[in-house]
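Chain naming here is simple, since letters A, B, ... match the order of the sequence lines and numbering starts at 1 in each.
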Amino acid sequence: MTVGARVGITRDHPMSDTTSTLESVRRAKADAWRARGHLPFGNDPGPLNTIASIRATHDGHDSAALDAAHADTRYRVAGRVVAMRDTGKLVFAKLRDGSGEIQLFCSARDLGEDFSLLKEIDLGDIVLVEGRPMRTRAGELSVLAKSLRPLSKSYTPIPSEWFGISEVETRYRQRYTDLIANYPEVNEVFRARSIIVRALREWLDDRDFMEVETPTLNSVRGGATAKPFTTHHNALDLDLYLRVAPELYLKRLIVGGLDRVYEIGRVWRNEGLSTRHNPEFTILEFYQAYATYRELMDETEELVTHVDARLVARFPRFAHGRSFSLARPWRRVRMLDAVTHALQKRHPDLLGIWANGMGLAGWGRVRAAVLTTPSLQREHRDYLNKCTTAGETLFALFELFAESFLVDDYRTADDGQSVPVFIVDYPFDVSPLARKKDTDKQTAQYGEGFPVTFTDRFELFVEGRELANAFSELNDPDDQAERFRAQLGNRERGDEEAMDFDEDYIRALSHGMPPTAGFGLGVDRLVMLLTGQKSIRDVVLFPLLRPESDGR
RNA sequence: GGGUCGUUAGCUCAGUCGGUAGAGCAGCGGACUUUUAAUCCGUUGGUCCAGGGUUCGAGUCCCUGACGACCUACCA
């Protein structure tokens, strides 16, 4: 254990009097265990029954049935004592193991010698009980204890079962305490996360995707535009980056003939923290040779609804009261149309200029008009002013006027819930790894000489949150090399998020990559969405926090 | 980075006008063989986040700092 890591102990202030009193009382009780021949941190409890299995077995049995058929049944249960009600010669305790909780019925008559041990049990202690199933007069299924053995002493009191702990800092710094004190809610969120990740794997495995692991220590930055963390390998005297995305490695595997691959893993981005951003987070990426981004939209609907079905089957409560609907089919809206629609609703003054200008390849006029529109906030104008191409401008307009309002603009027929929206066709300028829309399709869909070149790319937004990003992959090595060079140009202009020129990736593509569609999904955000958590810190067990200072 | 708010007993929280710290739960002692936040009687427990200032006197007012939350910005 780390020095000073114990609750209530810091270097400068050893212990408050209260903490030391509460703890010394418990240490004295541990000594009492020793005097009885029990180790305060014993082991080897032997075979056990889980609390959930006992509950399941006797779910429908009434008191008489249990007494008649199970007088000689012996269950062995071990867990943490989380409540005790002492009525004299009868003590009711609540025991919790990893599967659930059950009441212990402890009487002086049935426990004999061991009954006096209860005086030395504190809330939070781990104990082993042997006994038979019974129901109390109130009808609660309980274990009638025939013997009691203490297993582990809890020196530090757990916070009150009733109030839990609410100070968020403690909840994140001491997640173990949070899990105990805020049972079962916090516990269930992380069980939900596990179910969700398992369901993602299940869906992919069922479709013959192969799970792989690619390097997280990279010598070349790539796969996403983001600031990386840097580190160093001593033996090779080599500066390395923690990956910001697995993308380029997974596509190398497509070149190698692994036609369907996926990875669920951690990526690191050296950026700010917020309720939606943690510096390390979990991403799912999959790549499917011979597919296009169109097919991936169907698959995305299937994948997310499959995962949700698995989650809700286990924890129905997470489906209650949602402000969004996952009912298929989901909306598919071209970015251009989303912007037009949004301007129509919120900036009709811009719309006329916009519609004419874009159609006539006059994006420069649009930009000029936008920049002089008095109704625009200064930050919006600054952002638009930084755009140097029509594509960047379109994307900026999307971010400013459409993205934040997706929840309002796309809703169920009764207006009761928001619906998922695929925003389709991203400008080439902001999509360095996506395939350019084929010329004939661009012309067919956007007309001759439209000032923005589009890619075969979509992003999925649910309840206004960006959840997934996918596109038909760029597999032309010359095109890709050109875009890497453009990234280097951005780097020279001070863009710390620009990618490196990845020579080996170009070499891989030069061997020929089949037409492929690729998909990325923020697992933490999916968990937030499906479990209704407002902060990413509520779905990451140990979120990044500043180290505790001595002053605390 | 900017703004707002918060930090008081182990936990959850009060604390009036600046007058020397309160409750419930937990703990400790006692009663109780069917409790469900058990109940009843008694009781211990405080670097009021830290440092400085104003004042006869600061949990309270002022300044600085630490940590956190929210909003905002940056950012996929």
Between A9(B) atom P and Glu23(A) atom CD, what is the distance in whole Å?
18 Å
From U34(B), G68(B), C75(B), pick the nucleotide closest to the side chain of Phe105(A)?
U34(B)
For the side chain of Thr275(A), starting at C-beta, report the closest nucleotide among C71(B), G27(B), G68(B).
C71(B)
How far does the P atom of C63(B) sit from the matching atom of C70(B), given to the nearest Å?
25 Å
In whole angstrom, what separates Lys119(A)'s NZ from A31(B)'s C1'?
11 Å
When the distance from NE2 of His277(A) to P of G1(B) is rounded to whole Å, what number comes out?
17 Å
Could you work out the separation of C25(B) and U43(B) based on their C1' atoms and round it to a whole Å?
15 Å
Rounded to whole Å, how long is the line connecting atom CG of Asp86(A) with atom P of C28(B)?
11 Å
Closer than 4.0 Å, any side-chain N/O of Arg85(A) to the OP1 or OP2 of U36(B)?
no
For Glu459(A), report the nucleic acid contact type (base, sugar-phosphate, nothing); a contact means any heavy atom under 4.0 Å.
base
Nearest to the side chain of Glu167(A), heavy atoms from C-beta on, is which of U35(B), C67(B), U12(B)?
U12(B)
Proximity to the side chain of Arg109(A) - top-ranked nucleotide from G27(B), C75(B), U33(B):
U33(B)
Please name the nucleotide paired to G1(B) by Watson-Crick or G-U wobble geometry with both distances under 3.5 Å, or report none.
U72(B)
Integer angstrom distance from the C1' of U44(B) to that of G29(B):
10 Å
Relative to the 5' end of RNA chain B, which residue comes earlier, Glu399(A) or Leu545(A), by the nucleotide with the nearest heavy atom?
Leu545(A)
Rounded to the nearest 0.5 Å, how far does CE of Met134(A) lie from CZ of Phe105(A)?
4.0 Å
How would you label the contact of Ser274(A) with the nucleic acid (heavy atoms, under 4.0 Å): base, sugar-phosphate, or nothing?
nothing
Same-atom distance (C1') from C71(B) to G46(B), integer angstrom
34 Å
Glu496(A) CD - C74(B) P separation (whole Å):
15 Å
C11(B) C1' sits how many Å from Asp122(A) CG, rounded?
16 Å
If G18(B) has a Watson-Crick or G-U wobble mate with both distances under 3.5 Å, name it; if not, just say none.
none
Options C28(B), U36(B), U34(B), nucleotide nearest the side-chain atoms of Ala138(A):
U36(B)
If you go through the side-chain atoms of Gln103(A), does one of them form a donor-acceptor pair with the base of U35(B) closer than 3.5 Å?
yes
Do Thr87(A) and U33(B) share a donor-acceptor pair, side chain to base, under 3.5 Å?
no
Please confirm whether Arg435(A) makes a cation-pi placement over Phe471(A), using NZ or CZ under 6.0 Å from the six-membered ring centre and within 45° of the ring normal.
no
Identify whether NZ of Lys or CZ of Arg in Lys437(A) sits under 6.0 Å from the centre of the six-membered ring of Phe454(A) and within 45° of that ring's axis.
no
Looking only at side-chain atoms of Ser535(A), point me to the closest of C70(B), C28(B), U36(B).
C70(B)
Gap in Å between the two P atoms, one belonging to U64(B) and one to C56(B), rounded
24 Å
Selection from U35(B), C67(B), C28(B) that lies nearest to any side-chain heavy atom of Lys29(A):
C28(B)
CG of Leu22(A) versus C1' of A9(B): gap in Å, rounded?
10 Å
Determine the interatomic distance between P on G68(B) and the same-named atom on G22(B); round to the nearest Å.
33 Å
When the C1' atoms of A9(B) and A14(B) are compared, how many Å lie between them, rounded to an integer?
13 Å
Side chains of Arg80(A) and Ser154(A): do they bring a donor and an acceptor to under 3.5 Å?
no
Derivation of the side chain to side chain contact (heavy atoms under 4.5 Å, CB included) call for Asp125(A) and Lys29(A)
CA-CA 11 Å; Asp125(A) 289 353; Lys29(A) 289 179 184 173; over 6 Å; no
Take the protein atom OH of Tyr172(A) and the nucleotide atom P of C70(B), then report the distance between them rounded to whole Å.
7 Å
Could you check whether Ser166(A) gets within reach of a base, just the sugar-phosphate, or nothing at all, counting any heavy atom under 4.0 Å?
sugar-phosphate
Base paired to G46(B) (Watson-Crick or G-U; both N/O distances under 3.5 angstrom):
none
Nearest-angstrom distance, P atom, G65(B) to U4(B):
14 Å
Complementary nucleotide of U33(B), counting Watson-Crick and G-U pairs under 3.5 Å
none
Going by distance alone, is a donor N or O of one side chain under 3.5 Å from an acceptor N or O of the other, for Asp122(A) and Tyr155(A)?
no
Counting the atoms with a prime plus P, OP1 and OP2 as sugar-phosphate, which does Glu271(A) contact under 4.0 Å by heavy atoms, base, sugar-phosphate, or nothing?
sugar-phosphate
With distance as the sole criterion, is a donor-acceptor pair present between the side chains of Thr225(A) and Glu497(A) under 3.5 Å?
no
Identify whether any heavy atom of Gly164(A) sits under 4.0 Å from a base atom; if not, whether one sits that close to sugar-phosphate; answer base, sugar-phosphate or nothing.
sugar-phosphate
Go nucleotide by nucleotide along RNA chain B from the 5' end; which of Leu90(A) and Leu123(A) gets its closest nucleotide reached first?
Leu123(A)
Asp110(A) and Ser107(A) side chains, donor-acceptor separation under 3.5 Å:
yes
Tell which nucleotide pairs with G6(B), taking only Watson-Crick or G-U wobble pairs whose two distances are both under 3.5 angstrom.
C67(B)
